[in-house]
Protein chains: 2
Amino acid sequence: MKHTRSRATGRTTLAQVAALAGVSQITASRALRSIASVDPQLAARVHDAAKALEYVPNPAARALASARSQSILVLIPALSNQLFIETLEAVQGILRPRGFEVLIGNYHYCQEEEEELIRNYLSFQPRGILLTGFNRSEAATQLLAKSGVPCVYMMELRQEHGIVCVGFSQEEAGAKVADHLLSRGRRKLAFVGAQLDARVLQRRDGYQQAIATAGFAPALEIMTPEPSSVELGVDLFNRILMEHPEIDGIFFCNDDLAFGASFEALRKGVKIPAQISVVGFNDLPGASQMVPRLTSVRTPRASIGEQAASSLLRLLDGTGQDTVTVDLGFELVVRESS
Amino acid sequence: MKHTRSRATGRTTLAQVAALAGVSQITASRALRSIASVDPQLAARVHDAAKALEYVPNPAARALASARSQSILVLIPALSNQLFIETLEAVQGILRPRGFEVLIGNYHYCQEEEEELIRNYLSFQPRGILLTGFNRSEAATQLLAKSGVPCVYMMELRQEHGIVCVGFSQEEAGAKVADHLLSRGRRKLAFVGAQLDARVLQRRDGYQQAIATAGFAPALEIMTPEPSSVELGVDLFNRILMEHPEIDGIFFCNDDLAFGASFEALRKGVKIPAQISVVGFNDLPGASQMVPRLTSVRTPRASIGEQAASSLLRLLDGTGQDTVTVDLGFELVVRESS
DNA sequence: CGACTTTGAGATAGCGCTATCTTAGTAATC
DNA sequence: GATTACTAAGATAGCGCTATCTCAAAGTCG
């Protein structure tokens, strides 16, 4: 007897659907993929058969035969930051309904890990990749280029041939905060950055530039590679109070830090904004309820996810340009803390 | 000429590795999968060849040929809750290094969506599934059972044949909070629950039971299906102040809500805990820095993710029992707010 | 020492789909 | 009306791996 593997997966195959519909397997395949050259009547028969048999295509077989998957990789630097979660949700909201599988790669703000993730996930032949910013290892960049997989960059902007990106100007946002603090009469400004990713540095640059343009000079800059957190905000705020009592305005590059500072200020009896103005970044949920309500920069992270995913989709179906820069802007939300 | 599909994927195949190593393809396959019956010397040759050619296996081909993938599905009710993010990170920390691909399914606390996700992801033939709690649609349960894919349940406990679960007793946690508030002399207790998922209800049950056991009765219960948030905490706290001024202790089923209440209390000049004791749940980052520092129940969400993933792995390689209940406990962290 | 396990490596045959190539059948062109 | 040009549906041949089956070589034993 001819040998046949018995798998008993119990799953319906395309062949069964085709048989029931009375067409060849390839026609069934074409019908289910809505390929034009199939007679509408035949297509309808195939769809009915598929429904009747509860047919579910096998993604592995499809990927193997067509050398392309239906998955899209999203690389983000952290899940622990609410910011990226909102972006991710928006991305999924666009991609999943369109039948794409969203693979999430969290590289913990680590270039080596990002490179490793790219290497790994590239073996899944993703249809496209959504990346956060432009700062990555040379090897990672090479891998991406060599793979030929369409990429869309999120969060930062860069006008360069072949780059599709969706974000806002981190520099301008930083500048806006500096201008705001200066407009409040603050002159001894401190910049507090944690995590030190590329975006924080860009905000810092814009902020410094704005201060310089206004004819002043930054008074203090604290940059720490530690991840941003409420606790860290408490510590850094205390450090500023102790070591730099002259500071009258602080730009925390992340709301978490500003939250911690606000708590500590309440505890220490330091008046915000009377004594020190505080500005955060991202306008995370809760910022508006802080005591005092926190001035922050509202970033369009959900829209970024949405638009980036849509741009990628357009790139995939060929209706998009391969060089686009979508600037979604930001909004300085002025509240009590400044 | 014989027709051959030109794909130009440029990717090395197992056949090339086998050729370079001078063995048959199947032997190369076995060697790379570390299957015992391969001569160590041959295996070494194969590994060298694979490294030299930068061979990366094709997951689709592997999945198709073996009728099993290397992916594991994790279903969580929300990404927006920091709680689940920590669980997720822990799960990935265990699974990814072992070569598994972690598929994340977020069902937004919606049974229909969970069912849909299960239906969809099951077509990827995941090796295993990590689920949150036991509360799901009948259809979803059926799908899971029919699929035969090994499952591990997180967060809740249920001693039942064939169930592997890792979590803690939500009831006991609720009871512990009630006892604590009573021990502080609080007698007019309010329970505030949002989202109304199964776990919140379990905490509520334990809490009520404990109050009854102590010979008292709950004074107020606010349950809203809205998602938990700082803003909601503000609103509900205000509602309690206005409509139930007699309340002297509140158990917020989520820290978010307690955060909002704390802010509003500061703003309104309501003294916590002098006038009202406040207890949160989950001990999210920030709870310890709140003003006043928030009493909360620290839940072992990271350990739950870790242990659940490990249990699933054991189930997969056959070294685990199919009925296990791992109770990781919880800890009431008493701080200033009570 | 010959019949009988064990073992390890290779040969073969698909997994369930889709890319190509063919081939009838139909329409268009002169 | 015969030649050319399309079209739509089917036949064929894999995609890159692994499950099984085969078979020769190497033990094992009474």
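We name chains A, B, ... by the order of the sequence lines, and we start the count at 1 in each one.
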Novice: D:dA11, D:dG16, C:dG16: which one has an atom nearest the side-chain heavy atoms of A:Ile26?
Specialist: D:dA11
Novice: Can you tell me if the side-chain N/O atoms of B:Thr27 get under 4.0 Å from OP1 or OP2 in C:dA9?
Specialist: no
Novice: CD of A:Gln70 versus C1' of C:dC17: gap in Å, rounded?
Specialist: 13 Å
Novice: For the side chain of A:Ala65, starting at C-beta, report the closest nucleotide among D:dG16, D:dA9, C:dG16.
Specialist: C:dG16
Novice: Among C:dG16, D:dA9, D:dC17, which nucleotide has an atom closest to any side-chain atom of B:Gln25?
Specialist: D:dC17
Novice: Of all the choices, D:dG16, D:dA9, C:dC17, which nucleotide is nearest to the side chain of A:Tyr55 once you look at every atom?
Specialist: C:dC17
Novice: Check the phosphate of D:dC17 against B:Ser66, side-chain N and O only, distance under 4.0 Å to OP1 or OP2. Yes or no?
Specialist: no
Novice: Starting at the 5' end of DNA chain D and moving along, which residue's nearest nucleotide shows up first, B:Ala60 or B:Arg30?
Specialist: B:Ala60
Novice: Decide whether A:His108 and A:Glu114 meet the rule of one side-chain donor and one side-chain acceptor closer than 3.5 Å.
Specialist: no
Novice: Find the distance A:Ile35:CD1 to D:dA9:P and express it as a whole number of Å.
Specialist: 12 Å
Novice: Without hydrogens or angle criteria, can the side chains of A:Asn106 and A:Glu113 be said to hold a donor-acceptor pair below 3.5 Å?
Specialist: no
Novice: Between C1' on C:dA19 and CG on A:Leu14, what's the gap in Å once rounded to a whole number?
Specialist: 14 Å
Novice: Side chains of A:Gln111 and A:Arg136: is there a donor and an acceptor less than 3.5 Å apart?
Specialist: no
Novice: Nearest to the side chain of B:Arg62 - C:dG10, D:dC17, D:dG16?
Specialist: D:dC17
Novice: The side chain of B:Leu42 lies closest to which of these nucleotides: D:dC17, C:dT18, C:dA9?
Specialist: C:dA9
Novice: For D:dT18, take OP1 and OP2 only and decide whether either is under 4.0 Å from a side-chain N or O of B:Arg33.
Specialist: yes
Novice: Rounded to the nearest Å, what distance is computed from the CZ atom of residue B:Arg68 to the C1' atom of nucleotide D:dC17?
Specialist: 14 Å
Novice: Report the distance from atom CG of A:Leu64 to atom P of C:dG16, rounded to the nearest whole Å.
Specialist: 12 Å
Novice: Can you name the nearest heavy-atom pair linking A:Gly305 to A:Met154, along with the distance?
Specialist: CA-SD, 4.5 Å
Novice: So which nucleotide from C:dA19, C:dG16, C:dG10 ends up closest to the side chain of A:Ala61?
Specialist: C:dG16
Novice: Please tell me whether B:Ser137 and B:Glu115 have a donor and an acceptor in their side chains that are separated by less than 3.5 angstrom.
Specialist: yes
Novice: Out of C:dA9, D:dG16, C:dC17, which nucleotide sits closest to the side chain of B:Val38?
Specialist: C:dA9
Novice: Tell me: CD of A:Gln125 to P of C:dT18, nearest whole Å?
Specialist: 15 Å
Novice: Taking 4.0 Å as the cut-off, does a side-chain nitrogen or oxygen of A:Ser24 come that near to OP1 or OP2 on D:dA9?
Specialist: no
